Amino acid sequence: MIEKTYHIMTFGCQMNVHDSQWLGRALTARGFAEASLEEAQVVVVNTCSVREKPEQKVMSALGRIRQVTGGNPEVLVGVAGCVAQQLGEAFFTKESQVRLVAGSDGISGAPAAIERLIEEPGLKLSLLDFTSHYAEREAGPETAEGPSDPVAYINIMQGCDNFCAYCIVPFTRGRQKSRSSAAILEECRAVLDKGAREISLLGQNVNAFGQDKSGDGTSFAQLLRQIAALPGLERLRYVTPHPKDMGPEDIAAFAELPQLCPRLHLPLQAGSDAVLKSMRRRYDSETFLRLVEDLRTARPDIALSTDLIVGFPGETEEDFQATLDMMRTCAFMSSFSFIYSDRPGARAALFPDKIPAEVAQDRLMRLQALQDELGARWLASRLDGQAQSTLLLEGPSPKTSEGQEPSWQGRDPYGVPVHVPLPAGIDHTGRLVQVTVTEAKKHSLMAVRAGEPW
């Protein structure tokens with residue numbers, strides 16, 4: 001074990017990845033260095049409770065840490081994120097090495113808590129209180145991503161007020177809290193000054209930004225326009241919006257802002273109106289289809305992806321077929337699909353008429369088979385009169401063939417990974433390059449250079 005070192009293990013969504021990256025930068029600013037699990041003095045497990053059996057996965061990770069470290073009490077173990085918020089101080093009795101439990105809002109205090117715990121070996125700390133407003137974090141723009149990261153992720157809000165029947169985000173992430181637009185713009189300017197060319201805005205219900213008491217009067221559409229106007233920004237994206245909060249100004253932004261990429265992840269969850277009502281999603285299939293139509297009117301080439309749940313309590317085969325029909329009508333380019341599972345505290349955990357596991361699994365396989373068809377069809381369309389594209393290069397590609405120029409990977413405006421051979425001996429990270437798409441793979445595209453990097 002080397003002193004003043006840390007190792008972070010991350011589960012779950014892009015917001016958790018963002019939180020872990022921030023924590024790493026904050027610890028680095030305090031004199032810590034990143035290290036392997038075997039050598040770290042501080043190990044933090046950043047947890048997610050959305051996927052199935054989250055507690056078991058966290059305990060498995062803690063067991064691995066104990067095995068690798070030999071249970072050394074000098075190794076400080078912390079648990080952060082949604083499962084930490086759920087189970088709280090129970091982790092102190094479940095695993096003796098755990099001395100810090102930091103919930104979704106408490107993670108902002110984790111760096112200072114870690115330093116204190118190192119100084120006081122017998123102490124254990126829990127940071128589980130929700131804050132009433134968004135608390136700006138101590139690691140400011142000066143530690144944000146540098147030139148080696150052409151894509152920057154910026155959190156604009158935290159929590160959710162929707163209380164969908166299957167979801168525990170309001171209980172683990174708290175109620176919705178928007179950042180001030182001034183703080184967001186300051187961070188955006190900082191990452192652009194350090195070399196970022198694309199910004200992706202993050203939030204549990206990102207397009208509800210400003211609709212809570214923490215808001216400063218700036219709407220989500222206004223924020224998009226303010227960020228798009230910043231010098232140096234080439235691309236702008238955001239995740240994850242709620243369909244019920246997608247207003248006319250948000251839709252118009254896809255037509256009016258050239259920086260806003262023609263890609264939107266728009267969670268449907270189910271195609272049946274009965275299931276949507278039971279889920280408390282606050283829209284029906286007709287409203288969703290009208291939204292899709294309006295988006296494609298604003299930006300005809302927009303690519304849509306989605307989230308889907310099968311086997312929700314009470315879902316009939318007819319309900320499931322309605323979901324497949326919606327998938328076909330919307331022609332989703334990709335989707336994240338899951339079998340429903342109970343979450344403690346979520347309303348649907350109390351619902352009767354649970355779907356047998358074998359039925360739910362069969363439905364998931366059929367849904368994913370359809371999605372594979374839709375995804376392949378969308379990728380193939382990129383070769384049909386739409387072969388020209390612009391990539392933002394993110395780093396070397398693992399797909400370099402022997403005897404060829406080194407291949408680099410970037411993402412096109414639709415967020416699809418594209419691999420293109422480029423001259424050796426040059427770091428192409430962060431450059432924009434015109435390419436001609438030549439081949440569609442399952443989840444990516446192959447291309448050749450059509451123009452010099454910008």
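Remember, it's a predicted structure, so these values are computed and weren't measured experimentally.
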*Please answer whether the main-chain N or O of G106 pairs with a side-chain N or O of D129 as donor and acceptor at a distance below 3.5 Å.*
no
*Gap separating the OG1 atom of T172 from the CG atom of L87, nearest 0.5 angstrom*: 11.0 Å
_With heavy-atom distances below 4.5 Å as the criterion, would you say the side chains of Q269 and Y166 are in contact?_
yes
*Which atom names give the shortest non-hydrogen contact between P111 and A26, and what distance separates them?*
CG-CB, 3.7 Å
_If we ignore hydrogens and angles and just use 3.5 Å, is the side chain of S278 paired with the main-chain N or O of A274 as donor and acceptor?_
no
*Applying side chain to side chain donor-acceptor pair (under 3.5 Å) between D161 and each of Q176, R175, Q211, report the one that passes.*
R175
*Could you go step by step and tell me if M326 and T306 meet the side-chain contact (heavy atoms from CB on, under 4.5 Å) rule?*
CA-CA 11 Å; M326 285 285 284; T306 196; over 6 Å; no
*Check whether more than 12 heavy atoms from other residues, nucleotides or ligands sit under 6.0 Å from atom CD of E249, and answer yes or no.*
no
*asked:* Below 30° counts as parallel, above 60° as perpendicular, anything between as tilted: where do the rings of F163 and F171 land?
replied: perpendicular
*Atom CD of Q368 and atom OG of S337: how far apart are they, to the nearest 0.5 Å?*
3.5 Å
*Report the distance from atom OH of Y134 to atom OG of S180, rounding to the nearest 0.5 Å.*
10.0 Å
*Could you walk me through whether N205 and V169 pass the side-chain contact (heavy atoms from CB on, under 4.5 Å) check?*
CA-CA 10 Å; N205 189 17; V169 164; over 6 Å; no
*Side chain of Q409, backbone of G395: donor and acceptor closer than 3.5 Å?*
no
*If you draw a 6.0 Å radius around CD in E318, do more than 12 non-hydrogen atoms from other residues or ligands fall strictly inside?*
no
*For residues Y414 and A303, report the shortest heavy-atom separation together with the two atoms involved.*
CD2-CB, 3.9 Å
*Looking at side-chain heavy atoms only, is the closest gap between W408 and T429 below 4.5 Å?*
yes
*Quick one: sort the Y340 and F312 rings into parallel, tilted or perpendicular, breaks at 30° and 60°.*
perpendicular
*Looking only at non-hydrogen atoms, find the nearest pair between A440 and L383 and report the distance.*
N-CD1, 3.9 Å
*Do D319 and T316 get their side chains close enough for a donor-acceptor pair, meaning under 3.5 Å?*
yes
*Quick one: closest heavy-atom pair of V292 and C330, and the distance?*
CG2-SG, 4.0 Å
*Is any side-chain heavy atom of V206 closer than 4.5 Å to a side-chain heavy atom of V239?*
no
_Distance in Å, S335 OG paired with L304 CG, rounded so as to fall on 0.5 Å steps_ = 12.0 Å
*State whether D301 and R299 are salt-bridged, where the test is any N-O pair (Lys NZ or Arg NE/NH1/NH2 against Asp/Glu carboxylate O) under 4.0 Å.*
yes
*So D273 and S285, side-chain hydrogen bond (donor to acceptor under 3.5 Å, both in side chains) or not? Walk me through it.*
CA-CA 6 Å; D273 288 343; S285 57; 2.9 Å; yes
*S407 and H419: which non-hydrogen atoms are nearest, and at how many Å?*
OG-CB, 3.7 Å
_For a 4.5 angstrom cut-off between non-hydrogen side-chain atoms, does L367 reach L370?_
no
_Which atom of P413 lies closest to which atom of C261, heavy atoms considered_ = O-CB, 3.2 Å
*List the steps and the verdict of salt bridge (Lys or Arg N to Asp or Glu O under 4.0 Å) for R189 and D193.*
CA-CA 6 Å; R189 291 187 189 96; D193 288 345; over 6 Å; no
_Using only atom types and a distance under 3.5 Å, with no angle test, would you say the side chain of S305 pairs donor to acceptor with the backbone of M333?_
no
_I'd like to know if the side chain of Q259 and the backbone of L236 have a donor-acceptor N/O pair within less than 3.5 Å._
no
*What's the spacing between Q21 CD and R25 CZ if we round to 0.5 Å?*
6.5 Å
_Check whether T47 reaches the backbone of A80 with its side chain - one donor and one acceptor, N or O, closer than 3.5 Å._
yes
*Can you tell me how far OG of S20 sits from CE of M15, rounded to the nearest 0.5 angstrom?*
12.0 Å
*Does F332 reach the side chain of L268, with side-chain heavy atoms less than 4.5 Å apart?*
yes
*asked:* Can a donor-acceptor pair be found, under 3.5 Å and without considering hydrogens, that links the side chain of Q85 to the backbone of L128?
replied: yes
*Flag side-chain contact, heavy atom, 4.5 Å: R179 against I154*: yes
*Donor-acceptor pair between N16 and T10 side chains, under 3.5 angstrom*: no
*Would you confirm whether D105, through its side chain, and T131, through its main-chain N or O, come within 3.5 Å as a donor-acceptor pair?*
yes
_Checking Q321 against E317: is there a side-chain donor and acceptor pair closer than 3.5 Å?_
yes
*Examine distances only and state if a side-chain atom of D362 and a backbone atom of V359 form a donor-acceptor pair shorter than 3.5 Å.*
no
*Sort out for me which residue in R263, R411, R237 forms a salt bridge (charged side-chain N to carboxylate O under 4.0 Å, His left out) with E198.*
R237
*asked:* Quick one, V101 and E89 - any side-chain contact, counting heavy atoms below 4.5 Å?
replied: no
*Would you sort out whether R363 and I355 count as a side-chain contact (heavy atoms from CB on, under 4.5 Å), showing the intermediate values?*
CA-CA 11 Å; R363 289 175 182 171; I355 305 302; 4.1 Å; yes
*R225, CZ: over 12 other non-hydrogen atoms inside 6.0 angstrom*: yes
_Donor-acceptor pair, distance only, cut-off 3.5 Å: does the side chain of R282 make one with the backbone of N162?_
yes
*State, with a plain yes or no, whether a side-chain heavy atom of C82 is found less than 4.5 Å away from one of R173.*
yes
_Pair V420, L393 - check side-chain contact (heavy atoms from CB on, under 4.5 Å), show working._
CA-CA 9 Å; V420 57; L393 298 173; 4.2 Å; yes
